[in-house]
There are 2 protein chains.
Amino acid sequence: MTTIGDVAKAAGVSVATVSRALRGVDRVSPHTRDRVLAAASELHYVASPAATSLVSGRTRGVGVITPYFNRWFFATVVSGIEKVLREDGYHVLLCDLEGHTFDTRLPITQTMLWKRADGAIILNVPPVPSERSVLDRLGLPVVTVGNRQPGWPSVRIDDGAAMALATRYVVDLGHRDIGYAGTVPASITHLQTPYDRREAFTKVLSDHGLVCPPEWTLECDWTAAGAAEHADRLFAQRDFPTCVVAASDEMAFGVMSAARRHGLRVPEDVSVIGIDDHVHAEIFDLTTVRQDVEAQGRRAGQIMLDALRSRAGDVVVDDVLDVELVVRGSTGPPRRAGGGQRTKESVVVA
Amino acid sequence: MTTIGDVAKAAGVSVATVSRALRGVDRVSPHTRDRVLAAASELHYVASPAATSLVSGRTRGVGVITPYFNRWFFATVVSGIEKVLREDGYHVLLCDLEGHTFDTRLPITQTMLWKRADGAIILNVPPVPSERSVLDRLGLPVVTVGNRQPGWPSVRIDDGAAMALATRYVVDLGHRDIGYAGTVPASITHLQTPYDRREAFTKVLSDHGLVCPPEWTLECDWTAAGAAEHADRLFAQRDFPTCVVAASDEMAFGVMSAARRHGLRVPEDVSVIGIDDHVHAEIFDLTTVRQDVEAQGRRAGQIMLDALRSRAGDVVVDDVLDVELVVRGSTGPPRRAGGGQRTKESVVVA
DNA sequence: CTGAAAGCGCTTACAG
DNA sequence: CTGAAAGCGCTTACAG
């Protein structure tokens, strides 16, 4: 509980001088400074952030708002943000919006951020109008990751392009009967990515005169387990695709798992492709479209830092990171190139 | 930027009355209260946490100190903590100690927590003496997760018992040639779990007159990729075990992956068992010892909340959660029960 | 280079 | 039930 007054007393100077000496601003005589530093260190003095913040109006905290936090993508982004902020003495204030089900989330409130953070980084959740006005009223710099919002800088990949890359790859491999994992319930309004990826998938297919029927389209909660459950039903059907495109690697894991459970070999019987290059993608030999997730966090942190030092001016950057197709063992040409339904029996026997 | 003064003016009362009305303490006439509430809401007033904290001495924040954060176990614990704290209006201050390599971590400093948090929850890292004295000086309630420290309540599993359960299971299955994944470089002093699990493994083996030779012992960074890399070398040896016990599921994934890459079938050619019941364990059909990680976070959060309301008194609880063997498809009896080295050739041909 | 004093935005005895 | 005032621990003009 030592305060600046204790240090002043110990060093025999005024609190103003202690403040100056400790922060290294203004001129302070070397001799005085040394005395102050010694006293502060002796007393284990650390300035009260509340007092500093009250007088300076700055908190040295950045709110990180995330729809889920306990998922690889988000934890990785936060990790990147944290490392960059930390170097400049900023800390992250975690705001997890995860609700009780996949379809719901908590609202972004003024209380979360007000006078608590100097800026906010929003991961993947497009604010609804009322949230937008909360954020605007707060007057903090905002950076978004994973999607773009008018007036705010963003860091992301092009979800449509990433999905198009994956889909085109398997079409070029000769697949015509292609399933899709990763649609979400219509009630989901707090994520944009599922819609963008789905749209790009459908577009590439239709460009090739193809269509993915509803019974090959798996709606789930974007987890491996959720995808596995639905893929299980898919592979139980008499007709199923020669390839499944998953909108994320975790769902791709689920699809691969379900395939194996049905005695199908990957990629001989079914090809599977994902998006992300999840930490485990290489281990499980998954073909995917790689994005550098931690780099997105780092860049978002850097843009925030620049904004806090008002280096950025008024330029609203839209930092779109490259993605890259990573071909591994989970994809191959279809058994019978050119399409045609295969029955489950023929596969198992083959 | 509306302050309590603005609300007072709008409601025609003093700031003291606004404070009372808004916090619902003390008697305030219903009429006055309504006027204050209306004015506050109209003006979007939220009290400045810095000012509140300065005068009250409490921050309504809890520091969560974690060795890595972007790993399933830790992100899951934090998620559990966050959900419980949130319900009582507390937020989490994330303190990630991850250094540049697996062997190093950042120190816990006074600056991290001082006047910034009302308590600290420490995940899996045993503080060194200097950190212990920082923490003691801070005078905050501390709860540990994942290991036990004198004087602090803890939430954890019994690492030794969990590992013994896994090891005994595969020994009972008939395995005699057993490898181990999960030793760490001797330079690692900031984690206890690797040592406790290793010790229990060795103990069970020796109880059965068995020993795991150094060349079957995989030292790694406790990631799937790290384990895969070392397992790759293991399976390239002429003699390798009929079973690998991994100290975590993620390492088990790596081992399974390496086995498959060598044309070995799991469990026919090699059994693999882990500890955790990672989100993906079921998907990948991994036999494991289950621990409820999110529950550990929730309980730690609850103990912290109790301590902050000083409900807890002086009892230092040691909350040891049960673990449970979950048998799945990655384990089976050895090819030749009773041991005896198998050559790689014989396996591949078989 | 250094100190006295005002002020950041609240809460909490203390009066009334 | 309500208000005036002190005080939480700092920083920052303002003097000197």
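Throughout, a chain's letter reflects where its sequence line sits, starting with A, and its residues are numbered from 1.
The phosphate of D/dG3 has OP1 or OP2 within less than 4.0 Å of a side-chain N or O from B/T17.
For the atom pair CH2 of B/W114 and OG1 of B/T109, the computed distance is 13.0 Å after rounding to the nearest 0.5 Å.
Figure legend. C/dA13 is base-paired to no nucleotide; pairs are counted as Watson-Crick or G-U wobble with both atom distances under 3.5 Å.
The side chain of A/S19 has D/dT12 as its nearest neighbour among C/dG7, C/dT2, D/dT12. In this structure, the nucleotide among C/dC10, D/dT11, D/dC8 sitting nearest to the side chain of B/L54 is D/dC8. Nearest to the side chain of B/A16, among D/dA4, C/dT11, D/dC10, sits D/dA4. The side chain of B/V28 approaches D/dT2 more closely than any other nucleotide in the set D/dG3, D/dT2, C/dT11. Side chain of A/R23, nearest nucleotide from C/dC10, D/dG3, D/dT12: D/dT12. Taking only side-chain atoms of A/T52, from C-beta outward, the nucleotide of C/dG3, D/dT11, C/dG9 with the closest atom is D/dT11. The nucleotide whose nearest atom lies closest to any side-chain atom of A/V13 is, among C/dC8, C/dG3, C/dT11, C/dG3.
Atom CZ of B/R116 and atom P of D/dG9 are 16 Å apart (whole Å). One can place CD1 of B/I4 at 14 Å from C1' of D/dT2, the figure rounded to the nearest angstrom. One interatomic measurement links the two molecules: CH2 of A/W114 to C1' of C/dG9, which rounds to 11 Å at whole-angstrom precision. Atom C1' of nucleotide D/dC8 and atom CG of A/D6 are separated by 14 Å, given to the nearest angstrom. Rounded to whole angstrom, the span from the CZ atom of B/R58 across to the C1' atom of C/dT11 amounts to 14 Å.
Residue A/G12 is the one, among A/G12 and B/V18, whose nearest nucleotide of DNA chain C lies closer to the 5' end (criterion: closest heavy atom). When each of B/A51 and B/P30 is assigned the nucleotide of DNA chain D with its nearest heavy atom, B/P30 is the one assigned upstream, toward the 5' end. With the nearest nucleotide of DNA chain D identified for both A/Y45 and B/S29, B/S29 has the one nearer the 5' end.
A/S48 comes within contact range of the sugar-phosphate backbone alone, with a heavy-atom separation under 4.0 Å but no base atom that close. Here A/R20 lies in heavy-atom contact (under 4.0 Å) with a base. Within the nucleic acid shown, A/T32 comes within 4.0 Å of sugar-phosphate atoms alone, with no base atom in reach, counting heavy atoms only.
Aromatic ring orientation, A/Y68 versus A/F102: parallel (interplanar angle below 30°, classes split at 30° and 60°).
Between A/T59 and the options A/L93, A/T52, A/D118, a side-chain contact (heavy atoms from CB on, under 4.5 Å) holds for only A/D118.
Proximity of a side-chain donor or acceptor of A/E82 to a complementary backbone N or O of A/H91 within less than 3.5 Å is not detected. B/Q110 places a side-chain N or O within donor-acceptor distance of the main-chain N or O of A/H44, the cut-off being under 3.5 Å.
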